[in-house]
J.: 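Here it is, the structure in full.
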Amino acid sequence: MENGLVRTFQQTRAFLGLTVAENFRIAAVSSGSAIDMEIIEAFDLHPLMKETAGDLSYAFLRRLGIALALSLHPKVLLLDEPAVGLTSHDLDRMASIIRARNARGVTILLVEHNMKFLMSLATRVTVLAQGRVLFEGSPEKCQSNPLVIETYLGTEAEHA
């Protein structure tokens, strides 16, 4: 963590040869706080504390990575594609946790291609294409913006 900023990666970064509990102990030492049982419970990781991180399913490994990032108590959390590979149940849980942390004052910057997930969370959207900003504003206005629609969805003629 650098000045309250924590980020996740598309590929989960955890110590795969260590147990889930050991991963959380390292995060606790890094943040100078105790192991955050609230986060462990929220991500349903408590039953897996003795499991080696490398033996977890993809969904649980994704949960672990984001839980570890949150356990560092960031002021700003950058999430890179947190929805990749998750079921709708996992997405609902993830969205709920993200909303709760945001309500507690954590600023969340989300890079995401799952539009349903993104639009359920975002209060402000910035759309980029080839390195330039196409749109900035509310999720509602984004979804009806002609340039965003044309760039990412194409025109009806292109699909005919």
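Everything numeric here is computed off the predicted structure, so don't read it as measured data. Hydrogens, waters and symmetry mates play no part in the numbers below; they use all other heavy atoms, side chains included.
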J.: Determine the minimum heavy-atom distance between Phe15 and Ala53, stating which atoms define it.
T.: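 Shortest heavy-atom contact: O-CB, 3.6 Å.
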J.: Does some side-chain heavy atom of Thr107 sit less than 4.5 Å from a side-chain heavy atom of Leu77?
T.: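 A side-chain contact under 4.5 Å is absent here.
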J.: Keeping Asp55 on the side-chain end and Glu51 on the backbone end, is there a donor-acceptor pair under 3.5 Å?
T.: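 Between the backbone of Glu51 and the side chain of Asp55 there is no qualifying donor-acceptor contact (under 3.5 Å).
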J.: Spell out, as yes or no, whether a donor-acceptor pair under 3.5 Å connects the side chain of Glu150 to the backbone of Leu147.
T.: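 Side chain of Glu150 to backbone of Leu147: no pair is present.
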J.: Can you name the salt bridge (charged side-chain N to carboxylate O under 4.0 Å, His left out) partners of Arg7, sequence neighbours left out?
T.: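 Asp80.
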J.: So which atom in Phe60 and which in Asp44 form the shortest heavy-atom distance, rounded to 0.1 Å?
T.: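 Looking at all heavy atoms of both residues, the closest pair is CE2-O, 3.6 Å.
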J.: How many angstroms lie between atom CZ of Phe43 and atom CG of Leu48, to the nearest 0.5 angstrom?
T.: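 CG of Leu48 is found 13.5 Å from CZ of Phe43.
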J.: When rounded to the nearest 0.5 angstrom, what is the spacing between CD in Glu38 and OG in Ser71?
T.: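 Between atom CD of Glu38 and atom OG of Ser71 there are 12.0 Å.
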J.: Not counting sequence neighbours, list each pair that qualifies as a salt bridge (charged side-chain N to carboxylate O under 4.0 Å, His left out) and has a residue in residues 87-98.
T.: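 Qualifying pairs, neighbours excluded: Arg63-Asp90.
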J.: Between His73 and Ser33, is the side chain to side chain contact (heavy atoms under 4.5 Å, CB included) condition met? List the steps.
T.: CA-CA 9 Å; His73 305 287; Ser33 62; 3.5 Å; yes
J.: Would Val84 end up clustered with Leu70 when hydrophobic side chains under 4.5 Å apart are linked, directly or stepwise?
T.: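 No; Leu70 is not reachable from Val84 via cluster members.
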J.: Do the non-hydrogen side-chain atoms of Phe24 and Met49 ever get within less than 4.5 Å of each other?
T.: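 A side-chain contact exists here, since the closest heavy-atom pair is under 4.5 Å.
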J.: Pairs under 3.5 angstrom only: tabulate donor-acceptor contacts from the side chains of residues 94-103 to other protein residues two or more places apart or in another chain.
T.:
{"unit_1": "Arg99", "atom_1": "NH2", "unit_2": "Ser120", "atom_2": "O", "d": "3.3"}
{"unit_1": "Asn102", "atom_1": "ND2", "unit_2": "Val106", "atom_2": "O", "d": "2.9"}

J.: Are Leu134 and Met115 grouped together when hydrophobic residues (ILVMFWY) are joined by side-chain heavy atoms under 4.5 angstrom apart?
T.: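 Same hydrophobic cluster.
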J.: Check whether any side-chain heavy atom of Pro146 sits under 4.5 Å from a side-chain heavy atom of Ile149, and report yes or no.
T.: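 Side-chain contact under 4.5 Å: no.
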J.: Measure the spacing between CG of Leu79 and CG of Leu121 and express it to the nearest 0.5 Å.
T.: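 Spacing of CG (Leu79) from CG (Leu121) equals 9.5 Å.
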J.: Any non-hydrogen side-chain atom of Cys142 less than 4.5 Å from a side-chain atom of Glu136?
T.: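 Result no, sub-4.5 Å side-chain heavy-atom pair not found.
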J.: Quick one: are Ile35 and Ile40 in side-chain contact, heavy atoms under 4.5 Å?
T.: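 A side-chain contact under 4.5 Å exists here.
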J.: Under a single-linkage definition using a 4.5 Å side-chain heavy-atom cutoff for Ile, Leu, Val, Met, Phe, Trp and Tyr, are Val125 and Val111 assigned to the same hydrophobic cluster?
T.: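 They do not share one cluster, since no chain of ILVMFWY contacts under 4.5 Å joins Val125 to Val111.
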J.: Between Asn145 and Gln143, is the side chain to side chain contact (heavy atoms under 4.5 Å, CB included) condition met? List the steps.
T.: CA-CA 6 Å; Asn145 182 279; Gln143 293 177 51; over 6 Å; no
J.: Work out which heavy atom in Leu61 is nearest to a heavy atom in Leu56; give both atom names and the distance.
T.: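 The pair with the smallest heavy-atom distance is N-CB, 4.2 Å.
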J.: Grab the two heavy atoms, one from Pro139 and one from Ala122, that are nearest each other, plus how far apart they are.
T.: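 Scanning both residues, the minimum pair turns out to be CG-O, 3.1 Å.
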J.: Are any of the side-chain heavy atoms of Val133 and Leu128 separated by less than 4.5 Å?
T.: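 Yes; the side chains approach each other to less than 4.5 Å.
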J.: Heavy-atom count check: over 12 atoms from other residues, nucleotides or ligands less than 6.0 Å from Tyr58 OH?
T.: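 More than 12 within 6.0 Å, yes.
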J.: Just to verify, which of Leu109, Ile108, Leu110 counts as forming a side-chain contact (heavy atoms from CB on, under 4.5 Å) with Leu78?
T.: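 With Leu78 as partner, side-chain contact (heavy atoms from CB on, under 4.5 Å) holds for just one option, Leu109.
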J.: Under 4.5 Å between any side-chain heavy atoms of Met37 and His46, yes or no?
T.: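 With C-beta onward as the side chain, the pair touches.
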J.: Kindly say whether Val148 contributes a backbone atom to a donor-acceptor pair with the side chain of Thr151 at under 3.5 angstrom?
T.: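 No; judged by distance alone, with no hydrogens or angles, the pair does not exist.
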J.: Less than 4.5 Å apart, any side-chain heavy atom of Leu5 and any of Pro74?
T.: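 The answer is no, as the side chains (C-beta and beyond) never meet within the 4.5 Å cut-off.
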J.: For Pro82 and Leu86, work out which heavy atoms get closest and say how close.
T.: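 In this case the closest contact between Pro82 and Leu86 is O-CD1, 3.2 Å.
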J.: Between Gly65 and Thr8, which heavy-atom pair has the shortest distance, and what is it?
T.: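 Heavy atoms of Gly65 and Thr8 come nearest at O-CG2, 4.2 Å.
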J.: Drop me the distance from Glu81's CD to Phe117's CZ, to the nearest 0.5 angstrom.
T.: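 Separation between the atoms: 10.5 Å.
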J.: Distance check, rounded to the nearest 0.5 Å: Thr19 atom OG1 versus Arg25 atom CZ?
T.: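 One gets 6.0 Å once the value is rounded to the nearest 0.5 Å.
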J.: For residues Leu16 and Ile26: do they belong to one hydrophobic cluster (side chain heavy atoms under 4.5 Å, members Ile, Leu, Val, Met, Phe, Trp, Tyr)?
T.: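 No; Ile26 is not reachable from Leu16 via cluster members.
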